[in-house]
Amino acid sequence: PPEVPGVQGAIDTHCHAHAGQQDALAVAKQASRNGMGGILFKTIAGEGTPSDSVRSVQEELDRYCEGEKIAPTRLWSAYGIGRGWSEISYKAVEEHLDDGCSAVWMPVFTHANTLMTVATRSYEPGHVANAAPIRERPLHPPLSMEEAKRAGHYLLDDHGKLLPEIVDVIHIVADHDAVLSFGHVSRQEQWMITDELKKYGHKKAFIDHPFSPFIGLSVDEMKQFAAAGVKLNFTWDELSPLLGIDPMDMFGAIAEVGAEHCMLASDAGEPLFPDSIECLRLMRAYAEAFGMTPEDVYKLSCANAAELLGVQVKEPIGVK
């Protein structure tokens with residue numbers, strides 16, 4: 001019997017395993033022992049590229065699972081634009097996709113929208129690049145939007161249009177049939193990215209944690225993005241005490257938007273949360289407790305992610 005009943009077949013589309021957080025191999029072993037469908041590592045520790053790190057973990061996992069006579073869960077890597085305060089580079093995105101990354105995240109904690117929403121240690125005013133360890137950097141209160149745009153990343157020009165480099169990034173993601181996360185970009189940027197994706201006919205995209213303070217979508221806005229082909233990726237981060245979103249609100253929103261347009265993910269790895277497997281168990285348990293049918297739960301935690309990542313999954317018994 002599984003150690004963690006309730007996660008079988010689930011695919012985590014937002015897993016953290018960078019330095020000082022949960023161990024990627026340990027999480028992958030636990031996922032395999034419990035029959036999970038896969039893990040998309042948004043971040044991962046290791047030498048070399050994210051794909052190098054994931055390949056190394058997958059090789060070790062395969063050997064472990066062969067010895068245990070169980071099926072290894074599938075692992076995917078992702079590239080995050082702006083990590084380490086790097087400049088946005090179409091070429092860098094292309095190189096990481098060619099190297100095997102399956103997903104690309106738009107800027108997150110280096111984005112102006114983050115810097116104007118929460119206090120941060122991620123920068124020094126006027127210096128986008130900062131080599132000091134993050135815990136040694138001074139804590140700064142939220143910035144004004146203009147200050148945040150100067151200090152961090154912002155994807156639009158002075159006329160409200162996507163920067164040419166961002167247009168190129170979207171096109172190369174589409175050309176590789178990869179997945180795009182909108183990261184922490186502002187509402188105007190979200191719509192401009194959505195418009196560009198529609199022009200290019202690419203629908204493998206999602207908005208993370210729609211209820212978080214960085215995103216804050218209304219249900220009507222969620223419906224609009226869903227209608228445009230963008231999925232909503234709801235996370236344990238939102239339900240956790242850190243943000244405290246009422247599960248009735250979350251699963252009520254999913255019911256209105258439609259389970260076919262939404263996903264469930266952990267966004268776990270940091271010390272404030274349980275591990276990713278337990279977060280997915282909780283997400284599924286809350287979904288069932290707050291009115292989602294088995295068919296809906298299957299779509300939310302498995303089928304929709306599998307479609308984005310281009311893999312086939314089995315339907316569990318009782319789901320048609």
Side-chain angles (χ1 to χ4, degrees), residues 3-7 10-24 26-28 30-31 34 36 38-45 78 80 105 108-109 111 113-115 117-122 134-135 139 142 181-184 206-219 221-222 231-257 259 262-292 296-297 300-302 304-305:
E3 300 169 5
V4 185
V7 298
I11 296 174
D12 189 0
T13 49
H14 191 138
C15 180
H16 288 286
H18 53 277
Q21 301 209 344
Q22 63 187 350
D23 179 76
V27 169
Q30 188 181 14
N34 289 284
M36 277 181 53
I39 299 172
L40 173 59
F41 286 105
K42 179 181 177 182
T43 59
I44 186 168
W105 256 261
V108 181
F109 284 104
H111 191 276
N113 198 37
T114 302
L115 301 179
T117 304
V118 294
T120 180
R121 296 181 187 274
S122 299
I134 192 166
R135 294 188 184 279
L139 184 66
S181 167
F182 286 36
H184 286 189
F206 61 81
I207 295 175
D208 277 314
H209 37 61
F211 280 109
S212 76
F214 308 111
I215 309 301
L217 295 180
S218 68
V219 175
E221 288 171 325
M222 293 179 200
K231 285 189 166 48
L232 294 311
N233 199 31
F234 295 86
T235 65
W236 173 251
D237 184 12
E238 294 156 278
L239 290 184
S240 76
L242 191 64
L243 296 184
I245 298 301
D246 188 333
M248 184 69 79
D249 292 337
M250 177 181 286
F251 293 102
I254 291 172
E256 283 198 53
V257 174
C262 304
M263 299 186 296
L264 303 179
S266 73
D267 195 5
E270 63 172 275
L272 295 176
F273 299 157
D275 62 66
S276 288
I277 287 80
E278 175 62 7
C279 285
L280 283 178
R281 186 198 68 79
L282 287 165
M283 290 293 283
R284 275 185 161 183
Y286 272 96
E288 292 177 2
F290 285 84
M292 297 287 103
D296 288 338
V297 174
L300 292 168
S301 61
C302 185
N304 296 341

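- Of all the heavy atoms in Asp23 and Ala26, the pair that sits closest is OD2-N, 2.8 Å.
- Take His18 and apply the ring pair (Phe, Tyr, Trp, His ring centres under 6.0 Å) test, not counting sequence neighbours, and it matches His16.
- In this structure, the side chains of Ile277 and Glu3 stay at 4.5 Å or more apart for every pair of heavy atoms.
- Legend: residues meeting side-chain hydrogen bond (donor to acceptor under 3.5 Å, both in side chains) with Ser266, ordered by chain and number and at least two apart, are Asp12, Ser276.
- Ala268 approaches Cys279 most closely through the heavy-atom pair CB-SG, 3.7 Å.
- Note on ring orientation: taking the six-membered ring where Trp is involved, the planes of His184 and His209 are perpendicular (angle over 60°, cut-offs 30° and 60°).
- Using bins of under 30°, 30° to 60° and over 60° for the plane-to-plane angle, the ring pair Trp236/Tyr286 lands in the tilted bin.
- The two residues Gly183 and Ile215 come nearest to each other via the heavy atoms O-CD1, 3.6 Å.
- The nearest pair of heavy atoms linking Ala259 to Asp296 is CB-OD1, 3.6 Å.
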message = The test is side chain to side chain contact (heavy atoms under 4.5 Å, CB included); show your working for Ile11 and Leu40 and say whether it passes.
response = CA-CA 8 Å; Ile11 296 174; Leu40 173 59; 5.9 Å; no
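- In this structure the side chain of Asp237 never reaches within 4.5 angstrom of the side chain of Asp208, judged on heavy atoms.
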inquiry  = Run Met222 and Cys262 through side chain to side chain contact (heavy atoms under 4.5 Å, CB included) and show every step you take.
reply    = CA-CA 10 Å; Met222 293 179 200; Cys262 304; over 6 Å; no
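- With a 4.5 Å cut-off on side-chain heavy atoms, Ile254 and Met250 count as touching.
- Taking both residues in full, the closest heavy atoms of Arg284 and Gly6 are given as CD-O, 2.8 Å, listed atom of the first, atom of the second, then distance.
- Applying the salt bridge (charged side-chain N to carboxylate O under 4.0 Å, His left out) test to every pair with at least one member in residues 264-278, sequence neighbours left out, gives these pairs: Glu278-Arg281.
- Panel note: side chain Ser301, backbone Ala10; no donor-acceptor pair is recorded below 3.5 Å.
- The nearest pair of heavy atoms linking Val27 to Ile39 is CG1-CD1, 3.7 Å.
- Looking at residues two or more places apart in sequence or on another chain, you find no salt bridge (Lys or Arg N to Asp or Glu O under 4.0 Å) involving Glu238.
- Partners of Phe206 by ring pair (Phe, Tyr, Trp, His ring centres under 6.0 Å), not counting sequence neighbours, listed by chain and number: Trp105.
- Sorted by first and then second residue, the salt bridge (charged side-chain N to carboxylate O under 4.0 Å, His left out) pairs with a member in residues 245-256 read Lys223-Glu256; sequence neighbours excluded.
- Side-chain atoms of Leu264 and Phe251, non-hydrogen and from C-beta on, do get closer than 4.5 Å to each other.
- Rounded to the nearest 0.5 angstrom, Thr13 OG1 and Phe41 CZ are separated by 12.5 Å.
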inquiry  = Using the rule given for side chain to side chain contact (heavy atoms under 4.5 Å, CB included), can you reason through Phe211 versus Leu239, listing the C-alpha separation, both sets of side-chain angles and the distance that settles it, and then say yes or no?
reply    = CA-CA 9 Å; Phe211 280 109; Leu239 290 184; over 6 Å; no
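- Between atom CG of residue Leu243 and atom CZ of residue Phe214 there is a gap of 8.0 Å, rounded to the nearest 0.5 Å.
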